[in-house]
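Hydrogens, waters and symmetry mates play no part in the numbers below; they use all other heavy atoms, side chains included. Read the numbers this way: they start at 1 and go in the same order the structure lists the ligands and their atoms.
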Amino acid sequence: MTQQITHTQLEEAVKQSPRKWVYLFSEGNASMRALLGGKGAGVAEMTNAGLPVPPGFTITTEVCNAYYEEQKQFPAGMWDQALAALQIVEAQTGKQFGGRENPLLVSVRSGAKFSMPGMMDTVLNLGINDETVQGLIALTQDERFAYDAYRRFIQMFSKIVLNTNPQDFEHILETYKQRTGAKTDAEIPAQALKELVVEFKQVAERASGQPFPTDVYEQLRKAIEAVFASWNNKRAIDYRNFNKIPHNLGTAVNVQSMVFGNMGSDSGTGVAFTRNPSNGEHEMFGEYLLNAQGEDVVAGIRTPSKISRLHEDLPEVYRQFLEIAKRLEAHYRDMQDLEFTVEHGQLYMLQTRSAKRNARAAIKVAVDMVREGLITPEEALQRVEPAHVYQLLLPRFDEAEKRKATAEGRLLAKGLNASPGAAYGKAVFDADRAEELGKAGVSVVLVRPETSPDDVHGMLVAKGILTARGGATSHAAVVARGLGLPCVAGCEGIRVSDSERLFRVNNSNSVIREGDDISIDGATGEVFQGRIQTVDSDFAREGDLQTLLGWADKVRRLGVWANADYPRDAQRAVAFGAEGIGLCRTEHMFMEQERLPIVQKMILARSPQERQAALDQLLPFQRSDFKGIFSAMVSPTTGEGYPVVIRLIDPPLHEFLPSYEELLVEVTRLETQGGHEAELQEKKAMLEAVGSMREMNPMLGLRGCRLGLLFPEINIMQTRAILEAAAELAREGKKLQPKIMIPLVGHVNELREVRRQLEGVAAEIARESGGAIAYKFGTMIEVPRAAVTADQIAPVSDFFSFGTNDLTQTTFGYSRDDAEGKFLLKYVDGLDVPGQKDKVKILPTNPFQTLDREGVGQLVAMAVAKGRHTNKDIELGICGEHGGDPESIAFCHEVGLDYVSCSPFRVPVARLAAAQAALHQSERDK
Ligand code: PEP
Ligand code: MG
């Protein structure tokens with residue numbers, strides 16, 4: 001009856017106001033997160049599900065925004081609505097706010113749409129003053145409890161509302177402990193607490209210059225204002241910036257009747273997860289303390305007990321708690337993170353929310369819930385973040401060890417998280433030494449100012465790569481991702497000295513020399529001194545992940561291929577589920593040690609005959625390279641082969657030669673020392689040749705298809721090697737799908753001419769081997785002109801593969817090797833601008849990592865449309881690094897590509913991301 005009447009009062013108060021500002025818990029539900037905040041929506045949902053939730057109400061996030069708009073005034077009608085709601089809570093609890101007999105105490109907590117743990121303020125035990133404390137004593141017969149609640153309230157309220165220095169209270173608390181001989185706060189006797197309350201109030205009054213508020217309504221009003229103010233404290237703003245949470249959402253305020261876990265041994269408080277958040281096991285995971293308030297669990301003063309022990313301490317409560325946890329999981333159809341309090345044997349639920357979990361737990365919980373019939377496979381696919389899949393497959397550091405290393409001051413610097421995974425090893429400063437030690441079984445981390453193709457042999461045996469310069473698509477990053485090696489690139493906090501074989505750490509005296517142990521975390525970009533233990537993973541044994549990806553394969557439309565340059569990578573890619581090779585960069589094969597001298601002879605040849613002689617030597621190597629990679633992509637049982645795209649030579653030729661600067665130094669040294677005539681002449685000749693090939697902008701110079709047009713013999717040799725390898729395997733009954741790809745085409749005439757060359761070679765081989773070898777011919781779209789004229793290029797091409805690394809470089813005009821280290825990351829993090837409080841962000845994300853939909857993406861979309869217009873059967877894929885990035889994969893799905901191709905370790909990620917893209921699309925289409 002009472003409840004009915006007061007409900008009407010709230011409705012009346014709402015009618016008098018421009019808007020409904022206040023919702024009783026019974027009026028909300030889980031879908032109202034934006035308005036009620038996560039906490040408010042959660043308790044509302046629990047209330048309506050009939051669970052034991054202490055009654056209360058939520059002041060909406062709209063009030064917070066209105067409060068700021070109206071120069072920090074509550075909007076009209078809000079306070080009246082809050083008072084009406086409070087009356088209902090009084091009726092529901094049978095208690096009275098500010099009452100002497102049976103006083104109602106409340107908690108006042110923040111709660112935004114997105115959880116911001118610990119960032120905003122909370123006041124507990126509000127409603128205590130010198131009078132109500134007497135009521136509390138009479139009611140509980142526990143003077144100590146009542147005064148302890150009172151002193152906690154003064155402490156919290158003063159800190160949050162009156163901005164008192166918390167140290168002032170701690171200091172007094174300490175002297176009381178000493179005086180009474182108490183070891184912990186909990187041992188201070190009632191009489192001392194009573195005196196302490198008087199002293200606490202004096203401290204608060206001195207600090208704020210006003211009497212401590214005894215009017216409970218004033219306490220409430222001020223606490224609500226303080227929670228709104230905390231939305232804009234520095235820590236909350238920083239947290240939102242870091243987590244990309246908008247600043248205009250506002251926080252809700254939850255006013256809830258207090259229940260006490262510190263009322264004796266039949267009371268307590270705890271937190272629990274409905275499953276284990278670190279491995280996903282289906283077991284209750286959490287802890288509790290008897291006779292304690294919430295903050296005691298967090299404060300770590302007493303050691304909490306495992307939740308399963310509650311079975312012994314309070315069996316009936318435990319039984320009820322398990323049942324509620326199960327109901328909540330079933331209700332939300334997800335693993336929950338619960339907060340509860342027991343007051344005199346009565347269980348109350350204070351919070352439920354979707355639980356944070358690590359990669360392993362995310363996958364196991366999603367798959368288990370499908371098996372349990374709680375969710376569908378499609379929902380399971382949406383519950384797992386693609387990044388989780390990646391994390392699970394890479395070696396990672398033991399988290400406790402990493403924390404220890406950081407605490408010991410061994411974190412040296414932080415660079416770009418260029419390729420995830422973790423590694424430790426001896427720092428080595430050149431590729432030859434890395435190869436020597438690596439082959440002898442020593443774990444090494446290759447440290448270079450930046451890497452070049454010359455370093456690949458060292459990278460192949462290293463456990464990880466660290467560079468001082470270069471970005472997410474730098475050579476080091478791309479190769480490391482291909483090899484599944486951790487890489488920290490662009491680590492500008494260190495200075496690498498090749499000649500001294502060491503690196504120095506900026507702003508510190510630390511120096512790491514060759515042979516010193518270092519550890520790198522490619523997922524975070526951190527570099528540590530010494531070893532940190534790693535933990536490995538094995539895809540074949542990840543049963544739950546395999547199940548999940550099996551569901552993904554049924555849902556996705558995009559094909560998932562891999563970028564692989566060696567048979568080893570191709571095999572790994574197939575094991576991860578790749579359905580083709582979308583890019584084999586042949587130049588990496590040229591870099592192998594036995595071939596490099598022949599490649600150099602070919603480049604430095606003074607006559608076509610000399611060049612041809614070198615190419616003739618290279619041919620058998622290339623043929624066996626291609627046989628290796630084709631064979632890895634043929635099913636041993638059916639003989640059916642997956643498609644393999646082989647790209648003809650792409651980089652500027654000087655990359656295969658020694659560096660001009662190093663040669664210059666060498667020649668000068670030999671000249672001044674004298675006596676090394678033969679060596680001097682050889683180096684001089686090389687210097688001259690390298691000098692003659694130097695370009696100011698090599699990435700815009702003689703590279704890509706331009707090389708094959710000026711030196712057709714190179715293309716001819718590579719094509720011959722590809723088709724001969726295919727012919728040999730075809731004779732063994734293997735069904736191959738070779739695809740030859742031409743890089744950096746900007747004008748259709750370039751492609752026409754290369755096609756003519758290649759068709760000539762194909763016809764020759766057909767004559768020699770007595771039958772034509774089927775192959776496809778296509779091009780990369782990686783400069784804007786190719787995208788814009790795709791309609792002209794498509795009729796000459798069986799397929800397009802978008803080279804979005806170069807396409808991003810050429811569209812933005814940002815060097816893919818230098819931009820990240822110099823300015824691009826600052827563009828993304830935000831620039832410090834004098835006179836501006838917030839950093840000024842120029843770009844939302846790094847366009848070399850996540851495809852820039854508005855610019856580069858438009859070129860891709862244009863090329864897709866124009867290409868299909870003039871060649872409806874054209875096959876379309878992507879092989880730039882974006883092919884393994886979940887957000888970019890969604891774009892590839894939307895724009896209608898046929899497949900994405902990415903480094904082998906990202907194949908499982910891409911399978912999931914492609915499935916998620918398809919599911920989102922079908923949701924949008926509904
Ligand atoms: C590209 O440019 O996107 C590409 C795949 O080629 P590369 O990275 O070898 O230049
Ligand atoms: Mg390219």
Problem - Heavy atoms of other groups near Lys776 NZ, more than 12 under 6.0 Å - result: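 Not buried by this count: 12 neighbours or fewer within 6.0 Å.
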Short list, please: which atoms of ligand 1 are under 4.0 Å from a heavy atom of [X]?
X      : answer
Leu583 : 5 (C)
Gly803 : 1 (C), 2 (O), 3 (O)
Cys879 : 5 (C)
Asp650 : 10 (O)
Met780 : 4 (C), 5 (C), 6 (O)

Exercise for the section: Check each heavy atom of His588 against ligand 1 and say whether those closer than 4.0 Å belong to the side chain, the backbone, both or neither. Expected result: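 Answer for His588: neither.
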Exercise for the section: Using a cut-off of strictly less than 2.8 Å, determine whether Asp650 has an N/O/S atom near the Mg ion (ligand 2). Expected result: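 No, Asp650 does not qualify, because none of its backbone or side-chain N, O or S atoms lies under 2.8 Å.
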Practice task
Give the name of the N/O/S atom in Asp806 that lies closest to the Mg ion (ligand 2).
Solution key: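 Sorting the N, O and S atoms of Asp806 by distance to the Mg ion (ligand 2) puts OD2 first.
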Problem - Atom name, Glu782 (N, O or S, nearest to the Mg ion (ligand 2)) - result: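 It is OE1 of Glu782.
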Problem - Glu881 near ligand 1 by a heavy-atom separation under 4.0 Å - result: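 The answer is no, since Glu881 has no heavy atom less than 4.0 Å from ligand 1.
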Practice task
Using distance alone, decide if ligand 1 has a nitrogen or oxygen within less than 3.5 Å of any nitrogen or oxygen in Arg647.
Solution key: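 Yes.
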Exercise for the section: Examine Leu807 against ligand 1 and note whether any of their N/O atoms are separated by less than 3.5 Å. Expected result: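 In fact, backbone or side chain, Leu807 has no N or O that close.
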Practice task
Closest by any non-hydrogen atom to atom 3 (O) of ligand 1: pick that one out of Val783, Asn805, Asn563.
Solution key: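 The nearest heavy atom belongs to Asn805.
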Problem - Nearest-0.5 Å distance, CG of residue Asn871 to CG of residue Asp798 - result: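 Atom-to-atom, Asn871:CG and Asp798:CG are 7.5 Å apart.
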Exercise for the section: Flag this pair as yes if the NZ/CZ of Arg694 is under 6.0 angstrom from the six-membered ring centre of Tyr660 and inside a 45 degree cone about the axis; otherwise no. Expected result: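 That pair qualifies as a cation-pi contact.
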